[in-house]
Amino acid sequence: MPIQRFPHLAHWGAYTAVVEDGVLTGCEPFAADSNPSPMLNAIAPAVYSETRIRKPAVRRSWLQRRENSDRSLRGREEFVEVSWDEALALVAAENQRVRDRDGPAGLFAGSYGWSSAGRLHHARSLVRRFYFSGGGAVDQAGNYSWGAAQFFLPHVIGTFSPLTGRVTSWESVAEHTELLVAFGGLALKNAQVASGGAGEHTLKPWLEKLAAQGMPVINISPTRDDCPAFLNAEWIPIRPNTDVALMLALGYEIDQRGAVDDAFMATHCTGWPQLRDYLTGQSDGVAKTPAWAAAITGIPAARIRQLAQQLTGVRSFLTCAYAVQRAHRGEQPYWMMIALSAMLGQVGLPGGGFSFGHGSMNSVGNPRHETPGPSMAVGPNPAGLAIPVARIADMLLNPGAPYSFQGETHHYPDINLVHWAGGNPFHHHQQLNRLLQGWEKPETIIVQDIWWTPAAKLADIVLPVTSTLERNDIGGSSRDRYVFAMHQAIAPLHQARNDIDIFSELAERLGYRDAFTEGRDEQTWLRHLYQQCGEAQAGTGVAWPDFEAFWQQGHVELPKPETPYVFFARFREDPQRHPLKTPSGKIELYSETLAGFGHADMAPHPQWQPPVEWLGDEAAARWPLHLITVQPSDRLHSQLDQAPLAQGNKTAGKETIQMRPDDAAARGLREGSVVRVHNARGACLAGLRLNSGLAPGVVVMATGAWFDPGFGPQRAETEQAGNPNVLTLDIGTSSLTQGPNAMSCLVEVSAAEAAES
């Protein structure tokens, strides 16, 4: 059989699947991508991995006793393989039983959106569509990437669109910016991935252009490597979780220099007098001086004053990485960065203003019209039930308990069935030992996945799903200029089935197939999604080909906008005609709405309150290292962790922890050795690498190692693979947003052999 090539797409880039005699042998990068991700090389090994789920399987004691089984045996006992007919019958029966007894409040439709770049076979969309079509279920609100900012920014700027849609383009930055300040850096490893995939990896070429121009870039981060060396960025190491203190001091100094754009503040902002009183100490007796901030941040007061001077009188662009708000009180640096940009009068200027995520994900800042990519409709949730995305363990452990969210009090539902399709909660969630406890509460847990992930190993019923290469799909996003055909390249392996086929048959058994499928099969759905996407591109100038031409070509390229996009340009030009969707129509530096909520942990203006864990806390005497958890360079979250690329980058067979040489020497630790990373919440093993480019007292681990608490009869006291989320704190960033909080985490590191003796 001749070699065949099929166009395809992953979250880490478009590619051509190369197939020989029915076997996937390689993945060739998309021709238009000048900087493809090496993660493409991990796809074929992952598809044929020994960790593939081969047949439907049911936990033995659950099969014998159903909802009355010993739930503590999840992950400890063997599975029994069953036929698809039996597995689907069990899932349908459990759905019906729990819905009849508990209503939709007893069902949790769990997923996370990075399961597939394809929009038809998108597990998060399909599991929600399935449960919503059948009467509703408990959903998740927000995401782990920018969960705090999503629910906070509308109070300040009336929208969270900078997180999801267009932001000031790199074209505008390259042409007009005179100083770029990146809180949290501009890490190239993060720019390998984009939700919905991408035809081009654009961050490196843009940063290379900035470097060639000699643009001054300042990287304010606990890690020097958050900016590539070729950018020649100045590194200002900062104590983790203290960005807002630095920003407040910059605001104080800018005000003292008489450099505030009073006209812009008067016409485009509200709340400047209250914020100024806080900066100067009029409201609380503490002036937010550079000396005050130096004691908190570890940055010398002279350098803070110099940075304020550098920002004065130039076209400045301020950006915050998503990671900055994934911390206790993580809303505050986002708010104060907006305030700084407003004080300087930069908002809405070409190459000026503020933004989020330019170094956090590929495609941010791409030149693209503001039109959607292809998407599968989920439909409304008839139950109207949802919890903040990161409050899963709270929900499972505390049914009926009250919690605050968006200024209101809600109560957790009593979940008795969890159906998880796509994504791995034992990667994304914090304090995994606590989630493990909560995971024992539901009567039944169903997991649909491709591989035996930790979540699958901890389920009652496991359904094997096809990889993207074993089905047809369509992919693309609102930030990338391509829509891709994703051709099936190989036959489904083992007994894997497509998610949409699984849910269609379950809906048939439960009596609502037509509501779920709308009478469409895979091909008619693909045509429908493609047509919808084409209609949404009206006015962009693209000649939208018919479906057959698109499918044969493999992609459609959307045109670039004629002029570079500048966020809030229209608002700056005329705030009366183009007001923001805030109560005042302006940028709110003081929010009457938040003042009315009366949250003790959320002042109505940007504020420094010490996070629950940080290096300035008394707890640092016992846990003297601040753990920063970062996105890995060799996988997407926990996807591809089982592939040779990620496994080859482990240290001593464990996930790597980076530590300063002096911090390691003080503990008698050697590079390449296995260490134990621990605090009161848990412990994990890791392999030690030394890195002088870290702030004092900071250690760094990538997330994504497959959680290994010891599967089998005995649990291990120490997590074995190096999953740092056994250490992180499972509380919301604030009572307003309940965002994911991974970055406020103190630990100690010791020799593994010493800990075991």
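This chain uses plain numbering: 1 for the first residue, then up along the sequence. Note that the coordinates shown come from a computational prediction; the quantities given were computed from them, not determined experimentally.
Judged purely by atom type and a 3.5 angstrom limit, Ser591 has no side-chain atom pairing as donor or acceptor with the backbone of Glu588. Judged by distance alone, the side chain of Gln325 and the main-chain N or O of Ala148 form a donor-acceptor pair under 3.5 Å. Here the side chain of Asn723 pairs a donor or acceptor atom with the backbone of Ala705 at under 3.5 angstrom. With Thr453 contributing its side chain and Asn424 its backbone, the two residues share no donor-acceptor pair below 3.5 Å. Under the 3.5 Å distance criterion, the side-chain polar atoms of Gln192 are matched with a main-chain donor or acceptor of Ser633. Here the side chain of Glu719 pairs a donor or acceptor atom with the backbone of Gly722 at under 3.5 angstrom. Distance alone, capped at 3.5 Å, is enough to place a donor-acceptor pair between the Asn679 side chain and the Gly682 backbone. Between the side chain of Lys654 and the main chain of Gln720, a donor-acceptor pair closer than 3.5 Å is present. The backbone N or O of Ala665 lies less than 3.5 Å from no partner atom in the side chain of Asp662, so there is not a single donor-acceptor pair. Remark: the backbone N or O of Ala455 is not paired with any side-chain donor or acceptor of Trp420 at under 3.5 angstrom.
Residues His678 and Trp623 place their aromatic rings such that the two centres sit under 6.0 Å apart.
By the 4.5 Å heavy-atom criterion applied to side chains, Asn219 and Val217 are not counted as neighbours. Put simply, the side chain of Asn741 does not reach to within 4.5 Å of the side chain of Thr728, judged on heavy atoms. With a 4.5 Å cut-off on side-chain heavy atoms, Met247 and Cys320 count as touching. Gln607 has its side chain out of reach of Arg329: every pair of non-hydrogen atoms, C-beta onward, lies at least 4.5 Å apart. Arg224 places a side-chain heavy atom less than 4.5 Å from the side chain of Ser692. Counting heavy atoms from C-beta on, the side chains of Ser316 and Val181 never come closer than 4.5 Å. In this structure, Ile731 and Ser744 have side chains that are not in contact, with every pair of non-hydrogen atoms separated by 4.5 Å or more. The closest side-chain heavy-atom distance from Gln140 to Phe108 is below 4.5 Å.
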Run the side-chain donor-acceptor check on residues 292-304: report pairs under 3.5 Å with partners two or more places apart or on a different chain.
residue : atom : partner : partner atom : Å
Thr297  : OG1  : Ala293  : O            : 2.9
Thr297  : OG1  : Ile299  : N            : 3.1
Arg303  : NE   : Glu234  : OE2          : 3.0
Arg303  : NH1  : Gln306  : OE1          : 3.3
Arg303  : NH1  : Gln310  : OE1          : 2.9
Arg303  : NH2  : Glu234  : OE1          : 2.8
Arg303  : NH2  : Glu234  : OE2          : 3.1
Arg303  : NH2  : Gln310  : OE1          : 2.9

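Using the six-membered ring where Trp is involved, His637 and Tyr112 have ring planes that are perpendicular, over 60° apart on the 30 and 60° scheme. Relative ring orientation between Phe426 and Phe707 is described as parallel, the plane-to-plane angle staying below 30° on a 0-90° scale split at 30° and 60°.
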Report task. List the steps, then state whether side chain to side chain contact (heavy atoms under 4.5 Å, CB included) holds for Met659 with Asn691. Result -> CA-CA 6 Å; Met659 178 182 281; Asn691 183 351; over 6 Å; no
Query - Worked check of side chain to side chain contact (heavy atoms under 4.5 Å, CB included) between Asp255 and Arg276 - result: CA-CA 8 Å; Asp255 181 47; Arg276 188 174 188 275; 2.9 Å; yes
Query - CA sep, side-chain torsions, deciding dist, call: Arg689, Thr651, side-chain hydrogen bond (donor to acceptor under 3.5 Å, both in side chains) - result: CA-CA 8 Å; Arg689 292 294 177 192; Thr651 301; 3.2 Å; yes
Query - Residues Val677, Leu625; criterion side chain to side chain contact (heavy atoms under 4.5 Å, CB included); working and verdict - result: CA-CA 10 Å; Val677 191; Leu625 299 170; over 6 Å; no
Query - side-chain hydrogen bond (donor to acceptor under 3.5 Å, both in side chains) assessment of Arg676 paired with Thr718 - result: CA-CA 8 Å; Arg676 183 173 181 264; Thr718 300; 3.2 Å; yes
Requested in this report: Test side chain to side chain contact (heavy atoms under 4.5 Å, CB included) on Leu729 and Cys745 and set out the steps.
Outcome: CA-CA 7 Å; Leu729 188 65; Cys745 180; 5.9 Å; no
Query raised in the report: Checking salt bridge (charged side-chain N to carboxylate O under 4.0 Å, His left out) for the pair Asp641/Lys650: CA distance, chi angles, key distance, verdict?
Result: CA-CA 10 Å; Asp641 183 59; Lys650 307 286 185 181; 2.8 Å; yes
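His429 and Ala390 get closest at one heavy-atom pair: CE1-O, 2.9 Å. Nearest approach of Pro228 to Leu188, heavy atoms of both residues: CB-CD1, 3.8 Å. Closest non-hydrogen pair, Leu248 versus Leu279, comes out as O-CD2, 3.5 Å. Across all their heavy atoms, Leu594 and Ala603 have their closest contact at CD1-O, 4.5 Å. Closest approach of Pro740 to Val389, counting heavy atoms only: CG-CG1, 4.4 Å. Nearest heavy atoms, Pro333 versus Asp243: CB-CB, 4.0 Å.
Ion pairing between Lys441 and Asp414 fails under the 4.0 Å rule for side-chain N and carboxylate O.
Counted by atom type alone, Gln274 and Ser283 present zero donor-acceptor pairs between their side chains at under 3.5 Å.
Residue Ile338 holds its CD1 atom at 10.5 Å from CG of Leu318, rounded to the nearest 0.5 Å. For the atom pair Gln738 CD and Phe405 CZ, the distance stands at 7.5 Å (nearest 0.5 Å). Atom CG in Leu589 sits 10.0 Å away from atom CG in Leu340 (nearest 0.5 Å). Atom CD of Glu440 and atom CG of Leu73 lie 9.0 Å apart (nearest 0.5 Å). Summarising the geometry, atom CG belonging to Leu246 is positioned 5.0 Å from atom CD1 belonging to Ile238; distances are rounded to the nearest 0.5 Å. Atoms CG and CG, on Asn725 and Leu435 in that order, are 10.0 Å from each other to the nearest 0.5 Å.
In this structure, Glu671 places its CD atom where more than 12 heavy-atom neighbours from other residues, nucleotides or ligands lie under 6.0 Å away. Heavy-atom contacts from other residues, nucleotides or ligands closer than 6.0 Å to CZ of Arg715 number more than 12.
Residue Asp730 forms a side chain to side chain donor-acceptor pair (under 3.5 Å) with just one option from Gln430, Arg391, Gln431, and that option is Arg391. Paired with Phe356 under the rule ring-ring contact (aromatic ring centres under 6.0 Å, His included), one option of Tyr322, Phe317, Trp335, Tyr334 passes, and it is Tyr334.
The salt bridge (charged side-chain N to carboxylate O under 4.0 Å, His left out) contacts involving residues 599-624 comprise Glu613-Arg681, where partners must be two or more places apart or lie in separate chains.
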